[in-house]
Amino acid sequence: MKIGITCYPVYGGSGVVATELGKALAVRGHEIHFIAYSLPFRLSNVTGNIFFHEVNISSYPLFEYPPYSLALTSKMVDVAKYEGLDLLHVHYAIPHATSAVLAQQILQQQQLDVPVITTLHGTDITIVGQDPSFRPVVNYSINQSEGVTAVSEYLREETYAHFDVEKDIEVIPNFINTDEFYRSDKDYFRRALCPNGEKVLIHVSNFRPVKRAQDVVRVLHQLRQDDLPVKLLLVGDGPDRMPSEHLARELGVQDDVRFLGKQDPIMEILSVADVFLMPSGSETFGLAGLEAMACEVPVVCSDIGGLPELVQQGESGFLCELGNVEEMTARTRELITDEALHKRMAAAARARAHDFDTTRIVPQYEDYYEAMLSEGVPASG
Ligand code: GMT
């Protein structure tokens, strides 16, 4: 198949999933055309049957807000027509689904049928998509897509609860290539970070308020109050980074926290960690948690959203009441002080990651594409 994929190419889970999907589909013989405003960050080079089409936006004095969605639509039309795409698969509804639906309608006028599949990822449904300034457009774009997938059961139910969607939403969970993503020996890095053999907690996010990064600093503080030898690595950047830095200083734990900023070699960093902390207020799947689990790092997270579909309570991690720092601290303490428990849960985390291996999940997308193509594109309107 010739598949057009659109995603946010920057730091973020939906872009990672879209990119890894494109790479895995290319390995399976499909021709993949990424359409985005820059090269997706996990797609370092474009080779063989993977192509990249950059969306350029012309500036014009009238455009206080350059219309990216329209430039994207035009690029989709162009690529679909001249590369002969079989379908467009867009990740994150805003504005990708809308651009794709419009592109499809333009192509239909030229007697070209290019079905649109929209994968819903998270805040496109749970937060920003529900804002009155977007909701009618998101609703329309979901309904006009031939196929709609969601990354968890939770997200599927949220979509039905908050939007007027009647069509079936297929749940296809996120995935990871466990052959390429695994814990490796990074002892020199660990010794440099923890010269006295301290345990390592890690948090990876884009530091938006929904990630509750300050709770992670509070967990560290409580553990240090008990004199537990522990360090905290914070990976990523965003609006809550500075408040988290301030909090670390205010609580006097700044020497035990390292803010690493945005990092690409995430597997190497996860390889020195003992516990992954994810106190999020909303999380439809928790891809960062899956990456940690693939590196044998048990997850201590909020018991919300799609996280219970990923983390098995007491086996591969601990699900805690949202915002309950004491509970998260207690669970983390158990993991860093009980070697046998940690060993068992680290192995269970890796085993759980295998359940979401690329080889199990990517064929589900292929089957879904084939079903969409064989059913044909219904006439619009
Ligand atoms: O929806 C977002 O906030 C952004 C999105 C992203 O691009 O990182 O994250 C969501 O999609 C990820 C990939 O499917 C999921 O693993 C994340 O749980 C989800 N984030 C939230 O629901 C907050």
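Whatever order the structure lists them in is the order used to number ligands and atoms, beginning at 1.
- Assignment of Thr126 to the shell around ligand 1 is not supported, since no heavy atom sits closer than 4.0 Å.
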N/O donor-acceptor pairs under 3.5 Å from side chains in residues 364-373, not counting sequence neighbours:
residue, atom, partner, partner atom, Å
Gln364, NE2, Arg360, O, 3.4
Glu366, OE1, Arg28, NE, 2.7
Glu366, OE1, Arg28, NH2, 2.8
Glu366, OE2, Arg28, NE, 3.4
Glu366, OE2, His30, NE2, 2.6
Tyr368, OH, Val148, N, 2.9
Tyr368, OH, Val148, O, 3.3
Tyr369, OH, His89, ND1, 2.6

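- Considering backbone and side-chain atoms together, His121 places an N or O closer than 3.5 Å to an N or O of ligand 1.
- Tyr160 places a side-chain N or O within 3.5 Å of a backbone atom of Ile169 that can act as its donor or acceptor partner.
- Between Glu54 and Tyr37, every side-chain heavy-atom pair lies at or beyond the 4.5 Å cut-off.
- Counting atoms of ligand 1 from 1 in the listed order, those under 4.0 Å from a heavy atom of Gly122 are 1 (O), 22 (O).
- Inclusion of Ser282 in the set of residues having an N or O under 3.5 Å from an N or O of ligand 1 is not warranted.
- The closest side-chain heavy-atom distance from Gln104 to Glu146 is below 4.5 Å.
- Checking Glu158, Glu283, Glu291 against atom 21 (C) of ligand 1, the nearest heavy atom belongs to Glu283.
- Distances below 4.0 Å separate heavy atoms of Val151 from the following atoms of ligand 1: 14 (O).
- Near Asn174, meaning under 4.0 Å from one of its heavy atoms, ligand 1 places the atoms 13 (C), 14 (O), 16 (O).
- A ring-ring contact (aromatic ring centres under 6.0 Å, His included) with Tyr8 holds for exactly one of His121, His91, His96; it is His96.
- Annotation: Gly13 places an N or O atom under 3.5 Å from an N or O atom of ligand 1; distance criterion only.
- In summary, the side chains of Thr123 and Tyr92 do present a donor paired with an acceptor at a separation below 3.5 Å, with no hydrogens or angles considered.
- Close to ligand 1: Arg208, with a non-hydrogen atom less than 4.0 angstrom away.
- Looking at Val17, Asp264, Thr19 one by one, the single match for side chain to side chain contact (heavy atoms under 4.5 Å, CB included) with Arg42 turns out to be Thr19.
- If you look at Tyr8 next to ligand 1, there are no close heavy atoms at all, none under 4.0 Å.
- A distance-only check finds no donor-acceptor pair linking the side chain of Asp237 to the backbone of Lys262 [under 3.5 Å].
- Each of the atoms 15 (C), 16 (O), 17 (C), 18 (O) of ligand 1 lies under 4.0 Å from some heavy atom of Gly286.
- Test Phe285, Phe181, Phe175 against Phe356 for ring-ring contact (aromatic ring centres under 6.0 Å, His included) and you get one pass: Phe285.
- The contact set between ligand 1 and Leu287, taken as ligand atoms under 4.0 Å from a residue heavy atom, comprises 16 (O).
- For ligand 1, one of its N or O atoms has an N or O atom of Phe285 under 3.5 Å away.
- Residue-to-ligand polar distances keep Asn206 apart from ligand 1: every N/O pair is separated by 3.5 Å or more.
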